[in-house]
Protein chains: 2
Amino acid sequence: MPAPKTPPLGLHLAATAKSVRRAFDDALAGAGGSLPVWLILISIKRGDPGNQRDLAAAVGITGATLTHHLNAMEADGLLVRRRDPSNRRIQRVELTEAGENTFHRLRGTATAFDKRLRAGLTAQELDVLADLLKRLQANV
Amino acid sequence: MPAPKTPPLGLHLAATAKSVRRAFDDALAGAGGSLPVWLILISIKRGDPGNQRDLAAAVGITGATLTHHLNAMEADGLLVRRRDPSNRRIQRVELTEAGENTFHRLRGTATAFDKRLRAGLTAQELDVLADLLKRLQANV
DNA sequence: GTCAAAACAATTGACATCAAAGGATTAGGT
DNA sequence: ACCTAATCCTTTGATGTCAATTGTTTTGAC
């Protein structure tokens with residue numbers, strides 16, 4: 001059985017992303033965090049509408065998974081959930097001071113990691129890569 | 001809070017890979033498979049040494065996870081495990097006829113998916129992308 | 001105004017994954 | 001020959017994820 005004429009792009013992408021994700025998660029763990037926690041923190045800080053539905057979409061996970069993480073983060077004192085008085089179906093999520101501190105700590109780790117990841121790539125190459133990734137996403 | 005000066009490359013890569021992976025897994029599910037099963041099948045067919053340690057490395061999962069999938073695949077009749085008589089620590093993994101059939105079925109799906117994923121990208125762009133992915137992986 | 005439908009979040013049940021610990025077998029040093 | 005090390009696989013316990021279901025609250029049709 002010969003190797004496929006064209007190497008499998010999807011598998012290459014998946015393998016690379018897995019390595020990168022794993023390394024990033026390890027780096028965040030060293031600062032007392034994790035990838036999902038970091039994604040949730042930045043989405044909250046960016047001031048997305050504040051309901052969990054939009055938050056989940058911004059993070060790229062389902063509502064069920066978000067609930068799971070928010071439970072843990074609330075138990076850890078990183079945030080509080082309050083019902084919106086004007087629409088009691090909605091939970092408003094807000095960071096506590098401990099949540100703010102964790103955010104700043106993880107931001108340092110994330111910034112350093114992204115710098116490491118970009119090492120040796122020119123600004124033009126980064127633009128090309130971003131464009132290619134966008135086009136792949138549009139193809140699925 | 002302003003957006004970061006340079007967009008977070010790691011998150012873009014992770015998001016794209018997640019979309020692609022999800023779409024690929026859905027396509028394989030339509031053919032009665034899944035991404036891990038497909039990866040295991042191609043690794044076996046490629047004739048890797050035949051022990052589970054190397055098989056897990058080829059697939060990109062740990063031995064524990066591989067054991068889990070092999071249990072399920074063996075229960076489904078896709079493969080058999082036999083102890084190597086010359087080294088009874090080693091399990092040799094072999095596809096059954098049903099396993100071969102599943103492999104061929106999924107190969108059609110995977111080929112079609114990769115074609116869809118590459119749509120609109122020139123051969124040169126694919127080369128550039130493969131090179132960039134390789135360099136990212138080297139940076140972690 | 002009432003009541004069915006929609007929106008929102010939480011819960012439940014399932015799967016993929018990993019790290020750490022455990023059991024069986026072989027290899028190597030003495 | 002022994003007996004400690006290493007090797008190989010499995011088991012156990014934990015996390016992250018999703019789909020489907022459930023419970024609350026609001027909206028909209030009548």
Side-chain angles (χ1 to χ4, degrees), chain A residues 14-15 17-26 28-30 32-41 44 48-76 79-94, chain B residues 14-15 17-26 28-30 32-41 48-76 79-93:
Chain A
K18 187 172 186 174
S19 294
V20 171
R21 180 189 170 108
R22 187 69 192 278
F24 188 32
D25 206 32
D26 285 349
L28 290 171
S34 71
L35 182 51
V37 165
W38 168 238
L39 291 171
I40 290 168
L41 288 175
I44 293 173
D48 286 325
N51 77 52
Q52 291 187 198
R53 184 194 199 80
D54 294 336
L55 188 52
V59 172
I61 56 180
T62 64
T65 302
L66 180 64
T67 293
H68 170 67
H69 288 299
L70 291 183
N71 287 344
M73 292 170 76
E74 190 165 26
D76 285 348
L79 51 81
V80 293
R81 281 183 280 195
R82 292 183 303 100
R83 291 276 165 196
D84 184 329
S86 75
N87 184 346
R88 298 186 38 73
R89 288 174 298 189
I90 295 180
Q91 295 268 35
R92 298 288 172 194
V93 178
E94 292 171 12
Chain B
K18 187 172 186 173
S19 293
V20 170
R21 180 188 170 109
R22 186 69 193 278
F24 188 32
D25 205 31
D26 285 349
L28 290 171
S34 71
L35 181 51
V37 165
W38 169 238
L39 291 172
I40 290 168
L41 288 175
D48 287 324
N51 77 52
Q52 292 186 199
R53 183 194 198 82
D54 294 335
L55 188 52
V59 172
I61 57 180
T62 64
T65 303
L66 180 65
T67 292
H68 169 69
H69 287 299
L70 292 183
N71 287 345
M73 291 169 76
E74 190 165 26
D76 284 349
L79 50 82
V80 293
R81 281 184 280 194
R82 290 182 304 101
R83 292 275 167 195
D84 184 330
S86 75
N87 183 348
R88 297 186 38 72
R89 288 173 300 188
I90 295 180
Q91 296 268 36
R92 298 288 172 195
V93 178

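Predicted model only: the values in this text are computed from it and were never measured.
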Report summary line: Test side chain to side chain contact (heavy atoms under 4.5 Å, CB included), reference A:Asn51, set A:Val93, A:Ile90, A:Asn87, output is A:Ile90
Query raised in the report: If we call it a pair only when both distances are under 3.5 Å in a Watson-Crick or G-U wobble match, what pairs with C:dT26?
Result: none
Requested in this report: Please list, chain by chain and in numerical order, all residues satisfying salt bridge (charged side-chain N to carboxylate O under 4.0 Å, His left out) with B:Arg89, sequence neighbours excluded.
Outcome: none
Query - Sequence neighbours excluded - salt bridge (charged side-chain N to carboxylate O under 4.0 Å, His left out) pairs with any residue from residues 58-69 of chain B - result: none
Report summary line: Min and max contacting nt of DNA chain D in 5' to 3' order, chain B heavy atoms within under 4.0 angstrom, are D:dA6 to D:dA19
Query - Heavy-atom pair of closest approach, residues A:Thr67 and A:Gln52 - result: OG1-NE2, 3.7 Å
Query raised in the report: When every nucleotide of nucleotides 6-16 of chain C is labelled 5' to 3' by its protein contacts under 4.0 Å (heavy atoms), B for base, S for sugar-phosphate only, - for none, what sequence of letters results?
Result: BBSSBB----S
Query raised in the report: Are side-chain heavy atoms of B:Asp26 and B:Arg21 found at a separation under 4.5 Å?
Result: no
**Report entry** Complement of D:dG16, any strand, by Watson-Crick or G-U distances under 3.5 angstrom
**Finding:** C:dC15
Requested in this report: Indicate syn or anti for D:dA5, taking the glycosidic torsion and treating anything within 90° of 0 as syn.
Outcome: syn
Query raised in the report: Considering residues at least two apart in sequence or located in another chain, which fulfil the salt bridge (charged side-chain N to carboxylate O under 4.0 Å, His left out) criterion with B:Asp54?
Result: none
Query - For A:Arg53, salt bridge (charged side-chain N to carboxylate O under 4.0 Å, His left out) partners two or more places apart - result: none
**Report entry** Pairwise side-chain contact, A:Leu70 with A:Gln91, heavy-atom cut-off 4.5 Å (strictly under)
**Finding:** no
